[in-house]
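We count ligands from 1, going down the list as the structure has it; atoms in each ligand are counted the same way. Just so it is clear, the structure is predicted and the values come from calculations on it, not from any experiment.
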Amino acid sequence: MFSLKKFNSFGVECRTPYFKEVFSFFELKNLILKKKFREFFVLGGGTNILFLNKITGPVIKNSIGGIKIVNENDNAIYVSVGAGVNWHHLVLWCISKNYGGIENLSLIPGLVGASPIQNIGAYGTEICDVFHELECIEIKNGSKVNFNASDCKFSYRDSIFKNEYKGEFIITNVTLRLTKKNHKINTNYGEINETLQQMKILSPSIKDVSDAIVKIRSKKLPNHKEIGNAGSFFKNPIINLKVIEKLIKNYPDIPVFPLNGEKVKISAAWLIERCGFKGKRIKNVGMHSNQSLVLVNYGNANGAELWNYAKEIKKEVFNKFKIQLEEEVNLIN
Ligand code: EPU
């Protein structure tokens with residue numbers, strides 16, 4: 001049996017009978033065809049998963065590398081990236097070449113292959129804003145398939161790969177469309193401007209924005225190499241205007257982020273904090289004291305302990321606010 005403890009950012013123990021790391025599309029294809037696996041678990045950076053049990057099927061670690069320019073014009077550059085490339089490494093590479101578009105996504109843990117699956121987002125940017133296309137392998141027959149942005153059906157922390165096509169494809173390569181000049185500097189998200197002011201920067205470059213975000217994230221979010229966690233454990237709930245109007249009457253300070261149309265997004269961190277869970281530790285498990293949306297493993301918690309604590313939060317939030325929190329992290333059974 002192979003231990004996956006070092007391969008998940010929660011640092012929980014999980015064993016598997018078969019583990020294989022692959023470094024190219026062809027290696028992956030051969031494995032799929034030769035072994036005739038219909039179902040297996042594909043591991044990227046392991047930074048957005050919670051193992052609840054041992055894994056009975058095979059585990060494949062996707063380590064396909066490479067960053068290359070595949071097209072360009074006066075303004076845009078198309079960069080094709082292997083699924084196994086570390087996301088923040090890609091961000092730094094783009095900044096060093098002055099390619100703009102993903103600087104707001106600095107320091108997000110994990111690998112490029114997982115980034116479209118949950119449409120990673122932070123500080124006012126989502127990967128769908130710069131996504132061009134992706135290449136993947138269809139598990140049932142090993143064929144290569146391309147998806148463009150509309151095929152992926154991106155929405156908040158969601159895509160077709162979490163729904164209709166769950167478990168059907170493995171992403172092998174992602175192509176982003178980035179800017180070579182006239183970068184769209186986006187400092188609208190609250191703390192960015194404040195941090196840039198502290199840094200005494202008036203006219204920020206993409207590198208300045210990245211540096212500011214690295215500062216903000218490092219201050220608020222625990223480093224999973226020190227304390228096990230997977231970033232935000234829940235999604236921010238999206239609710240109807242009617243529901244928020246009622247809530248605001250009782251809780252006028254609830255943070256609300258308007259969306260287009262009839263819905264708003266509200267802060268799950270705030271709901272959790274209001275239920276008294278911020279910094280609350282029970283044995284080896286708790287919600288982080290700087291960010292109440294981050295479930296942490298302080299020691300040797302197992303998947304079930306973490307999940308039981310999360311379920312307790314869901315129950316309390318529902319009892320108090322009648323709002324159902326939904327996991328952002330993928331639960332692996
Ligand atoms: N807040 C609290 N208590 C807290 C933390 C935050 O009440 O402990 C309130 C504050 O009012 C704050 C608001 O929540 O203004 C928003 O907080 P924050 O800016 O920290 O963002 P978030 O909504 O908690 C989301 C993403 C993060 C991303 C940040 C910044 C989700 C589920 N999470 O968190 O993404 O880094 O915005 O854009 O959308 C992740 O997905 O793993 C992740 C860390």
For His288, is the nearest heavy atom under 4.0 Å from an atom of ligand 1? no
Distance flag, aromatic centroids of Phe10 and Phe51, threshold under 6.0 Å: no
With a 4.0 Å heavy-atom cut-off (strictly under), which part of Pro255 contacts ligand 1: side chain, backbone, both or neither? side chain
Students should be able to answer this: which protein heavy-atom is nearest to atom 5 (C) of ligand 1, and at what distance? Ala269 CB, 3.5 Å
Quick check with a 6.0 Å cut-off and a 45 degree axis cone: is Lys5 positioned over the face of Phe7's six-membered ring? no
Out of curiosity, is Lys220 lining ligand 1, as in a heavy atom under 4.0 Å away? yes
Within 45 degrees of the axis of the six-membered ring of Phe131 and under 6.0 Å from its centre: does Arg177 put its NZ or CZ there? no
Is Gln118 close enough to touch ligand 1? Criterion: a residue heavy atom under 4.0 Å from a ligand atom. no
So which protein heavy atom does atom 28 (C) of ligand 1 come closest to, and at what separation? Ala122 CB, 4.0 Å
Atom 23 (O) of ligand 1 has as its nearest protein heavy atom Asn236 ND2, 2.8 Å
Taking atom 43 (C) of ligand 1 as the reference point, the nearest protein heavy atom with its distance: Ser232 OG, 3.0 Å
Ring centres of Phe147 and Phe161 under 6.0 Å apart? yes
Do the side-chain N and O atoms of His132 and Asn148 include a donor-acceptor pair separated by under 3.5 angstrom? no
Run the salt-bridge test on Asp208 and Lys200 with the 4.0 Å N-O cut-off and return the result as yes or no. no
Minimum-distance protein heavy atom relative to atom 2 (C) of ligand 1: Glu273 OE1, 3.4 Å
Record the part of Gln291 in heavy-atom contact with ligand 1 below 4.0 Å; permitted values are side chain, backbone, both and neither. both
Exercise check, heavy-atom protein proximity under 4.0 Å to atom 14 (O) of ligand 1: yes
Heavy atom of the protein closest to atom 38 (O) of ligand 1 (residue, atom name, distance): Tyr123 N, 2.6 Å
Strictly less than 4.0 Å: does any protein heavy-atom distance to atom 9 (C) of ligand 1 fall in that range? yes
Start with the C-alpha gap between Thr172 and Glu135, add the side-chain angles, then the distance that decides, and say whether side chain to side chain donor-acceptor pair (under 3.5 Å) holds. CA-CA 6 Å; Thr172 50; Glu135 173 201 276; 2.8 Å; yes
May I ask you to identify the nearest protein heavy atom to atom 36 (O) of ligand 1, giving residue, atom name and distance to one decimal place in Å? Arg217 NH1, 3.4 Å
Under 4.0 Å between heavy atoms, the region of Ser267 that gets near ligand 1 turns out to be side chain
Would Lys180 and Tyr99 count as a cation-pi pair here, with the cationic atom under 6.0 angstrom from the ring centre and within 45° of the axis? no
Give the single entry among Tyr189, Tyr156, Phe233, Phe277 that approaches atom 16 (C) of ligand 1 most closely by any heavy atom. Tyr189
Lys/Arg-Asp/Glu bridge criterion (N-O < 4.0 Å) met for Lys144, Glu138: no
Distance under 6.0 Å and angle within 45° of the ring axis: does Lys265 meet both against Tyr156? yes
What residue and heavy atom of the protein are closest to atom 41 (O) of ligand 1, and at what distance? Arg157 NH2, 2.8 Å
So that I can tick it off, tell me whether Lys235 and Glu326 are bridged by a salt bridge, with the cut-off set at under 4.0 angstrom between side-chain N and carboxylate O. yes
